[in-house]
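Below, all heavy atoms of this structure are taken into account, side chains as well, without hydrogens, waters or symmetry copies. If you're wondering where the values come from, they're calculated on a predicted model, not measured in any experiment.
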Amino acid sequence: MFPALTEDQLAIQEAAREFATAEIEPGAMARDHSAEFPKAIIGQLGEMGFMGMMVPEVYGGSGVDALSYILALEQISYADASVAVTMSVNNSVACAPIAAFGTEAQKQKYLKPLASGAVLGGFMLTEPDAGSDAAALKCRATKVDGGWKLNGAKAWITNGGVGRYFVTMAITHPELGKKGISAFVLDADQPGVIMSKPEEKMGLRSSKTVMVTLEDAFVADDDMLGQPGDGLKVAFGGLDGGRIGIAAQALGIMQRALDESIQYAKTRHSFGKPIGEHQAIQTYLAEMHAKVEASRLLIYKAAMLKDAGKPCTLEAATAKLFSTESAVWVCDRAVQIFGGYGYSREYVVERLYRDVRVTTVYEGTSEIQRMVIARGLTK
Ligand code: CAA
């Protein structure tokens, strides 16, 4: 237990834990196998105020701090990381940029439905040829009467096909290079937004990820987020918070892998005693525990800096790098401890091993986090 949590933060953590245990965990394995989107659960999370946790109450959110959000997300991820990423993307990279950069009218129009869970949101930055090098995006916004028409392709879009409002980056002024990229809130409920079939993913199988083709997709002038040219600021600012969220998702997954491993080590016997009494397994468990605890502190620190209104780019990248790399290692060791059973779809560690793998990739690869950290250290 982290010593400095307030009563309110502990209450949110407990509410998330109870809901995750009672409502999310029981169907997680079946949803992983069927790839069924957890629509009802997302609706319930909306009713609980978990879909727009940091959105001010006046716009329909819960108005809580980033640390409370992280505490809740970890608990949800512990039960089902697919639900966690759906929640994280809606909170961190859909609601948060709108709350930070939106006009009063945009906040009224978009945050209320997004925060209530009535409508899901997402983030369209990545393109087939522009992932880590986000500024290389090609999606073009062309000025038309009353707004802009967007043309291009977006890739790996979480909540695509199940969401409606997407924070979307496109080039409005090609002659200005990186400063010619602008951000919009795109309503996907129009014929010019064409979603592919969901990707067949290794893990997070019940979350939805699609490719998107934009063919004269319309956004009104009033749907631009921030000023013309603010696109990368909106995107990268949102990703600071997003990366703390993905780090918390990884934390939930690895805490689960550790807890499952401890239980198994106590009950599985070899050479006449529980395997947890063998030094080889004890070494694994101890290192797993150390990585979980260290990750938790880095994540909470980044969230607390965000709550204090201080820059947290370096800390968010550090938390994401360390936590996600640790989580991949912890889940790998969990499979090792479970032996053959760890390779079976009947056991949860097999799902954790698949679910965790993308956390070092999305919302900025580990290589990009190292770049962000090094830039922060040397600037
Ligand atoms: N907050 C606010 N603004 C920021 C910022 C931050 N953390 N980082 C940079 N900016 C601003 C800069 O100040 C700059 O603006 P000015 O010129 O006005 O100062 C502008 O953004 C461009 O910054 P850079 O010149 O530093 O940009 P770059 O091209 O060198 O790229 C990078 C930097 C860190 C490598 C960046 O491209 C990056 O983070 N890449 C990874 C992208 C990523 O994480 N993609 C994941 C997409 S989401 C996803 O995974 C799918 C999902 O749905 C889950």
Side-chain angles (χ1 to χ4, degrees), residues 52 55 58-61 89-90 92-116 118-130 134-196 210-239 242:
V55 171
V58 63
Y59 302 117
V89 165
N90 197 73
S92 301
V93 287
C95 289
I98 298 173
F101 286 88
T103 60
E104 181 59 28
Q106 286 170 341
K107 291 179 193 173
Q108 292 287 351
K109 181 174 174 189
Y110 296 118
L111 288 180
K112 286 191 170 170
L114 287 172
S116 71
V119 161
L120 263 180
F123 187 70
M124 293 193 194
L125 173 66
T126 304
E127 300 187 356
D129 292 321
L137 65 84
K138 295 198 185 77
C139 179
R140 184 78 165 86
T142 313
K143 191 76 191 82
V144 294
D145 209 18
W148 302 80
K149 285 218 160 146
L150 271 51
N151 283 282
K154 295 288 177 181
W156 309 111
I157 304 305
T158 306
N159 294 344
V162 289
R164 177 162 178 191
Y165 297 136
F166 291 81
V167 173
T168 302
M169 274 46 72
I171 300 169
T172 49
H173 301 83
E175 68 285 2
L176 297 180
K178 286 183 192 180
K179 290 189 190 302
I181 297 172
S182 302
F184 299 92
V185 183
L186 171 71
D187 185 346
D189 194 6
Q190 57 170 304
V193 180
I194 301 143
M195 304 274 181
S196 74
V210 305
M211 299 287 162
V212 183
T213 307
L214 302 176
E215 284 181 5
D216 284 341
F218 181 74
V219 282
D221 285 326
D222 289 345
D223 292 326
M224 184 180 281
L225 263 185
Q227 300 303 311
D230 277 352
L232 291 183
K233 265 186 216 160
V234 173
F236 297 155
L239 282 168

Heavy-atom closest contact ([X] atom, [Y] atom, distance):
{"X": "Phe184", "Y": "Ala170", "value": "CE1-CB, 4.3 Å"}
{"X": "Gly146", "Y": "Phe218", "value": "O-CZ, 3.9 Å"}
{"X": "Ala217", "Y": "Val193", "value": "CB-CG2, 3.8 Å"}
{"X": "Val55", "Y": "Cys95", "value": "CG2-CB, 3.6 Å"}

Whether [X] side chain and [Y] backbone form a donor-acceptor pair below 3.5 Å:
{"X": "Lys233", "Y": "Gly237", "value": "no"}
{"X": "Thr172", "Y": "Ala141", "value": "no"}
{"X": "Ser92", "Y": "Val89", "value": "no"}
{"X": "Lys107", "Y": "Tyr59", "value": "no"}
{"X": "Ser182", "Y": "Gly231", "value": "no"}
{"X": "Asn90", "Y": "Leu114", "value": "yes"}

Less than 4.5 Å apart, side chain to side chain, heavy atoms only: is that true for [X] and [Y]?
{"X": "Leu225", "Y": "Val185", "answer": "yes"}
{"X": "Asn151", "Y": "Leu214", "answer": "no"}
{"X": "Ile157", "Y": "Asn159", "answer": "no"}
{"X": "Asp223", "Y": "Tyr110", "answer": "yes"}
{"X": "Pro228", "Y": "His173", "answer": "yes"}
{"X": "Val219", "Y": "Met224", "answer": "no"}
{"X": "Gln106", "Y": "Phe101", "answer": "no"}
{"X": "Tyr165", "Y": "Pro113", "answer": "yes"}

### Message
Between Lys109 and Asp187, does any side-chain N to carboxylate O distance fall below 4.0 Å?
### Response
no
### Residue from Arg140, Lys138, Lys154 passing salt bridge (Lys or Arg N to Asp or Glu O under 4.0 Å) with Glu127
Lys154
### Message
Before you tell me yes or no, could you show the steps for Lys178 and Leu137 under side chain to side chain contact (heavy atoms under 4.5 Å, CB included), namely the whole-Å CA-CA distance, both residues' side-chain angles and the distance that decides it to 0.1 Å?
### Response
CA-CA 9 Å; Lys178 286 183 192 180; Leu137 65 84; over 6 Å; no
### Message
Out of the candidates Val167, Leu186, Val93, only one should pair with Met124 under the side chain to side chain contact (heavy atoms under 4.5 Å, CB included) rule; please name it.
### Response
Leu186
